[in-house]
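Heads up: the structure comes next, in structure tokens.
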Amino acid sequence: MTDDPRTVVSTDWLAAHLNDPDLRIIDASWHMPATGRDAQAEYRDAHIPGARFFDIDAIADTRSDLPHMAPQPEMFVSRLRAMGIGDGHQVVVYDNSDVHSAARVWWTFRLMGKSDVAMLDGGFAKWRAEGRATEDMPPVTRDRHMTVQRQAARVRDVTQVAAASKLGDHVIIDARPPERFRGDAPEPRPGLRSGHIPGALNVPVGSLYNPDGTMKDAAALRAAFESAGVDLSRPAITTCGSGITAASLALALERIGKRDWSLYDGSWTEWGSFPDLKIATGDA
């Protein structure tokens, strides 16, 4: 893998830059409720030196009934400034999560017009496995000015996705496991129908990563999309259960040089709750 401070960097890269004055590290771990894991408690126990904790559920649009929808720019700026993160910083985001939640925070930064942000390849598990330093104290933070410019093209709402599904002018890519995509398995959130958005294609998030949690190389990522029938010449909309793993699809598309992608923030939690929206089952 080639280190790219705008998409993915290796543990070697982070170790070499750990003391750079303008580097900021974020622990963006998030877990499905059924796991019983407490991401903040795990952060307090051990994290990469200097890392701040980004609470995906709290730095979100609190006006929405849907989980962890993207925050308004004003909230994002306020919370990040309080964390000592601002203009001129290179940000590296990592997680210790099965759902690769760091990619969600990478996407949130991109949504806000911030491009100097990368996901740590392999995350905290790889960092620890290599015997690298950790600490259990939060860093001392100093307020830093931040300016953002929300990039509307990076996010889609239910109306836009419904139009894309009907017109077929975008390729809709779903990151959920195949059994949930097909409608064979119930959704983890109660009250949702089973199936997928009509016309969507399934590229399970696990197909983007190696067994050690690192992201596959560009050729393998491209093959994962193409083997699922994804037409990479069309604009892409990524989706999943609640907008977390869809961000890994977005990051993978960016890694292979595809720029015309957006993320359906409400994802299946929203689509599956509306009885008047059509659903499809099976492999297509």
Side-chain angles (χ1 to χ4, degrees), residues 30 32 56 60-61 64-70 99-101 103-108 110-111 151-189 191-209 221 224-225 227-232 234-256 258-284:
W30 180 92
M32 290 291 288
I56 287 174
D61 185 354
S64 175
D65 293 333
L66 296 167
H68 43 251
M69 294 285 280
V99 295
H100 305 283
S101 51
R104 170 72 186 193
V105 174
W106 173 86
W107 169 77
T108 306
R110 284 301 185 93
L111 176 65
Q151 305 295 303
R154 290 295 176 219
V155 66
R156 291 290 179 264
D157 63 23
V158 66
T159 303
Q160 292 168 317
V161 177
S165 172
K166 184 177 181 179
L167 296 173
D169 56 353
H170 290 67
V171 58
I172 302 172
I173 315 170
D174 192 322
R176 291 176 300 157
E179 59 273 14
R180 285 171 58 193
F181 177 84
R182 293 192 301 262
D184 295 340
E187 286 296 303
R189 291 178 175 82
L192 297 182
R193 299 174 296 162
S194 295
H196 58 265
I197 299 166
L201 298 169
N202 189 206
V203 180
V205 66
S207 68
L208 307 176
Y209 291 92
L221 293 175
F225 288 115
S227 66
V230 174
D231 179 357
L232 291 170
R234 283 193 288 161
I237 297 173
T238 69
T239 183
C240 61
S242 66
I244 299 285
T245 57
S248 281
L249 292 175
L251 178 55
L253 291 169
E254 187 76 12
R255 285 288 286 174
I256 65 173
K258 184 170 176 60
R259 306 285 183 253
D260 53 346
W261 55 262
S262 56
L263 183 147
Y264 173 26
D265 203 9
S267 283
W268 194 253
T269 301
E270 181 175 43
W271 191 281
S273 68
F274 282 122
D276 54 335
L277 288 175
K278 293 180 180 179
I279 63 171
T281 56
D283 291 321

Taking only residues two or more places apart in sequence, or in another chain, which ones meet Arg110 in a salt bridge (charged side-chain N to carboxylate O under 4.0 Å, His left out)?
Glu254

With rounding to the nearest 0.5 Å, note down the distance linking CD in Gln160 to CD1 in Ile237.
7.5 Å

Give me the ring orientation class for Trp30 and His68: parallel if the planes are under 30° apart, tilted from 30 to 60°, perpendicular past 60°.
perpendicular

Would you say the side-chain atoms of Arg156 pair up with the backbone N or O of Asp265, donor to acceptor, closer than 3.5 Å?
no

For residues 164-174, which side-chain N or O atoms pair as donor and acceptor with protein atoms under 3.5 Å away, sequence neighbours left out?
| residue | atom | partner | partner atom | Å |
| --- | --- | --- | --- | --- |
| Ser165 | OG | Pro198 | O | 2.7 |
| Asp174 | OD1 | Arg176 | N | 2.9 |
| Asp174 | OD1 | Arg176 | NE | 3.1 |
| Asp174 | OD2 | Arg176 | NE | 3.1 |
| Asp174 | OD2 | Arg176 | NH2 | 2.8 |

Identify, with sequence neighbours excluded, every residue that meets salt bridge (charged side-chain N to carboxylate O under 4.0 Å, His left out) alongside Arg234.
Asp231

For Thr238, enumerate each residue passing the side chain to side chain donor-acceptor pair (under 3.5 Å) test, keeping only those at least two apart in sequence or located in another chain.
none

Test side-chain contact (heavy atoms from CB on, under 4.5 Å) applied to Val161 and Thr239, step by step
CA-CA 10 Å; Val161 177; Thr239 183; over 6 Å; no

Name all residues meeting the side chain to side chain donor-acceptor pair (under 3.5 Å) criterion together with Arg182; count only those two or more places apart in sequence or in a different chain, and write none if there are none.
Asp184

Trp271 and Tyr264 aromatic ring geometry - parallel, tilted or perpendicular at 30°/60° bounds:
perpendicular

Pairs of donor and acceptor atoms involving the side chains of residues 273-284, under 3.5 Å and at least two apart or interchain, shall be tabulated with distances.
| residue | atom | partner | partner atom | Å |
| --- | --- | --- | --- | --- |
| Ser273 | OG | Thr269 | O | 3.4 |
| Ser273 | OG | Glu270 | O | 2.7 |

Can you name the side-chain contact (heavy atoms from CB on, under 4.5 Å) partners of Ser207, sequence neighbours left out?
Val203, Pro204, Ala224

Among all residues two or more places apart in sequence or in another chain, which pass the salt bridge (charged side-chain N to carboxylate O under 4.0 Å, His left out) test with Asp61?
Arg63

Counterpart residues, side chain to side chain donor-acceptor pair (under 3.5 Å), relative to Asp157 (two or more places apart):
none

By side chain to side chain donor-acceptor pair (under 3.5 Å), which residues pair with Thr108, not counting sequence neighbours?
none

Once ring-ring contact (aromatic ring centres under 6.0 Å, His included) is applied, what residue pairs with a partner in residues 234-253 remain, sequence neighbours excluded?
none

Residues forming a salt bridge (charged side-chain N to carboxylate O under 4.0 Å, His left out) with Arg180, sequence neighbours excluded
Glu187

